[in-house]
Protein chains: 2
Amino acid sequence: MRTGYQDIKDHILHQIRSNVWTPGTLLPGEIDLAESFGCARATVSRAMRELVDEGILERKRKAGTRVKSSPTRRAQFAIPIIRTEIEDTGAPYRYDLVERHVLPAPNWLRSRLDLPESASVLHLKCMHYQGNTPYQFEDRWINLAAVPQAESYAFKDIGPNEWLVQEVPFTDGNLEFSATNATEDIAAFLGAPVNAALFTVERTTWLADVSVTFARLYFARDYKMTTRL
Amino acid sequence: MRTGYQDIKDHILHQIRSNVWTPGTLLPGEIDLAESFGCARATVSRAMRELVDEGILERKRKAGTRVKSSPTRRAQFAIPIIRTEIEDTGAPYRYDLVERHVLPAPNWLRSRLDLPESASVLHLKCMHYQGNTPYQFEDRWINLAAVPQAESYAFKDIGPNEWLVQEVPFTDGNLEFSATNATEDIAAFLGAPVNAALFTVERTTWLADVSVTFARLYFARDYKMTTRL
DNA sequence: AAGTGGTCTAGACCACATT
DNA sequence: ATGTGGTCTAGACCACTTT
């Protein structure tokens, strides 16, 4: 069998794991490695490039390739559609629209989404259930200038999360994870005591230079988001 | 200038963003695209492969390449060394060891780390400050069977996080993000009211089949972890 | 100036999933 | 059986960074 880029990745990882190549170590150059593996330089190159992507190695021209000293391993996690996430647990998914209003964008939202003073937004409050258990409370704001068709959509059966994903492409976004003490309102919706610590995700998405939507997602008590390193 | 893989990525992303290629659309094959761009197939291949890695496209042999219908874009975030994270803000970093004990592993930890009944662990409580402001309370458990040299290390000046990163390689790990109500103890350390919602990270790391360490990190109030999509 | 990684090419063969 | 992506090669030239 021929030596593939995956074999080289494995070999490098093995050297690191067995402490042969410790953080900071300078690895042999691509040409040397290619020779010792008996493969083309491009193959070594791909292996090393992927290890850089995975946060294991650092490369600089002329300086060579080193084992990253603070292995800033990048955790990746997917942002699933909530319906899928719940259905994957085997439980039925249920969605409820709690409130729906069109209104002028409040100031805090205007500054967050960089909206003009005249901006009009659609504000939705929704509940997502796992079976009969409250799962997430969604506080969603949609920029009607960017997504005018949202104004005529009821969101009675399909949540804004899912609808937006299908309807509107986006180019950029950011996520903020934090913890929030449950207000009376939200506590009631989620069936949690007032002041319970809730895992909270705030998400903003943009289509090029235009902000599309902002959402605050409050998860039920004891929710944990998990990811692998 | 020659057409590079980055140009092709940009072009594909542009088609998607301008709704020419909507979710589900079948893209031309590599050979066709290579011809229309006037480049080698390998170049197109790399562009598409990276877009798959980024969660934009889906590929299946024989079936071709499609725009992913539920753009499960993967958020990536780095797990920095806390000292670096703080120093990057411009503020000085301060570390304090609060408690340090060697003890038999409690049951909950044994089951979490898959430790034998006789296992002995090092338990540390530490505080991390940003300037004089409490930043994070760290509750750390180290498997002394995996890291015997920890027993003789004082952790007075360097935190276990940083020490472990330099000292012990790891192969796997997982992260859990959640929200916790501050207990009296932790509230005092972090200067927060009792019951304040604290963003919490639980991290387990393994070296092959041996568990290395488990940590609970409680962040100060209002901490937000941010990442881009 | 020189050495390293970064990218591209043109061609080849392989592996897999559908037909 | 066929068509698609997946990978590899051998060589070339470029770009960056250090000396």
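Excluded from the calculations below are hydrogen atoms, water molecules and symmetry mates; all remaining heavy atoms, backbone and side chain alike, are included. Naming convention: chains lettered A, B, ... in sequence-line order (proteins, then strands); numbering from 1 in each chain.
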What orientation do B:H11 and B:F37 show, parallel under 30°, tilted 30 to 60°, or perpendicular over 60°? perpendicular
In whole Å, what is the span from the CZ atom of A:R59 to the P atom of D:dT18? 15 Å
Only counting residues at least two apart or in another chain, list the ones meeting side-chain hydrogen bond (donor to acceptor under 3.5 Å, both in side chains) with A:E162. A:R83
Ring pair (Phe, Tyr, Trp, His ring centres under 6.0 Å) with A:F219: which residues, sequence neighbours excluded? A:F199, A:Y223
Once you round it to whole Å, what is the distance between P of D:dG5 and CZ of B:R66? 11 Å
Strand contacts (DNA chain C) in residues 42-51 of chain A, 4.0 angstrom heavy-atom criterion: A:S45
Note: B:N132 and B:R94 closest approach over all heavy atoms is OD1-NH2, 4.0 Å
Below 4.0 Å: OP1/OP2 of C:dT7 and any side-chain N or O of B:Y5: yes
Aromatic contact between A:Y95 and A:H128, with the criterion being ring centroids under 6.0 Å apart: yes or no? yes
Hey, can you pull the residues of residues 24-34 of chain B with a non-hydrogen atom under 4.0 angstrom from DNA chain D? B:G29, B:E30
Taking for each residue the nucleotide of DNA chain C bearing the nearest heavy atom, is the 5' side occupied by A:A63 or by B:K62? A:A63
The criterion is ring pair (Phe, Tyr, Trp, His ring centres under 6.0 Å); which residues satisfy it with A:Y218, sequence neighbours excluded? none
Run the side chain to side chain contact (heavy atoms under 4.5 Å, CB included) test against A:T22 and tell me which residues pass, sequence neighbours left out. A:N19, A:T25
Mind checking ring pair (Phe, Tyr, Trp, His ring centres under 6.0 Å) for A:Y129 and listing every partner two or more places apart, or none if nothing turns up? none
What pairs of donor and acceptor atoms, side-chain ones from residues 141-158 of chain B against any protein atom, are under 3.5 angstrom apart with sequence neighbours left out?
| from | atom 1 | to | atom 2 | distance (Å) |
| --- | --- | --- | --- | --- |
| B:N143 | OD1 | B:A145 | N | 3.0 |
| B:N143 | ND2 | B:S211 | O | 2.9 |
| B:S152 | OG | B:Q149 | O | 3.3 |

Heavy-atom side-chain contact between A:M127 and A:E138 under 4.5 Å: no
With DNA chain D as reference, determine whether A:C39 or B:T65 sits nearer its 5' end, using the nearest nucleotide of each. B:T65
Name all residues meeting the side chain to side chain contact (heavy atoms under 4.5 Å, CB included) criterion together with B:E58; count only those two or more places apart in sequence or in a different chain, and write none if there are none. B:K68
Compute the angle between the rotation axes at the two ends of the helix from C:dA1-D:dT18 to C:dT18-D:dA1, each taken over five pairs, rounded to 10 degrees. 20°
Going from CG on B:L198 to CZ on B:R216, what distance comes out if it is rounded to the nearest 0.5 angstrom? 13.0 Å
Applying side chain to side chain contact (heavy atoms under 4.5 Å, CB included), can you list everything that pairs with B:A119, at least two apart in sequence or on another chain? B:A105, B:L115, B:P116
Given atom NZ of A:K9 and atom C1' of D:dC8, what is their separation to the nearest angstrom? 16 Å
Roughly how many Å is it from CD in B:E58 to C1' in D:dG5, rounded to a whole number? 14 Å
Let me know the distance between CD1 of B:I8 and P of C:dT7, rounded to the nearest Å. 13 Å
Rounded distance (Å) that lies between atom C1' of C:dT19 and atom NZ of B:K60: 15 Å
Run the salt-bridge test on B:K9 and B:E54 with the 4.0 Å N-O cut-off and return the result as yes or no. yes
Taking only N/O atoms, report every protein-nucleotides 12-15 of chain D pair under 3.5 Å with atom names and distance.
| from | atom 1 | to | atom 2 | distance (Å) |
| --- | --- | --- | --- | --- |
| D:dA12 | N6 | A:R41 | NH2 | 3.0 |

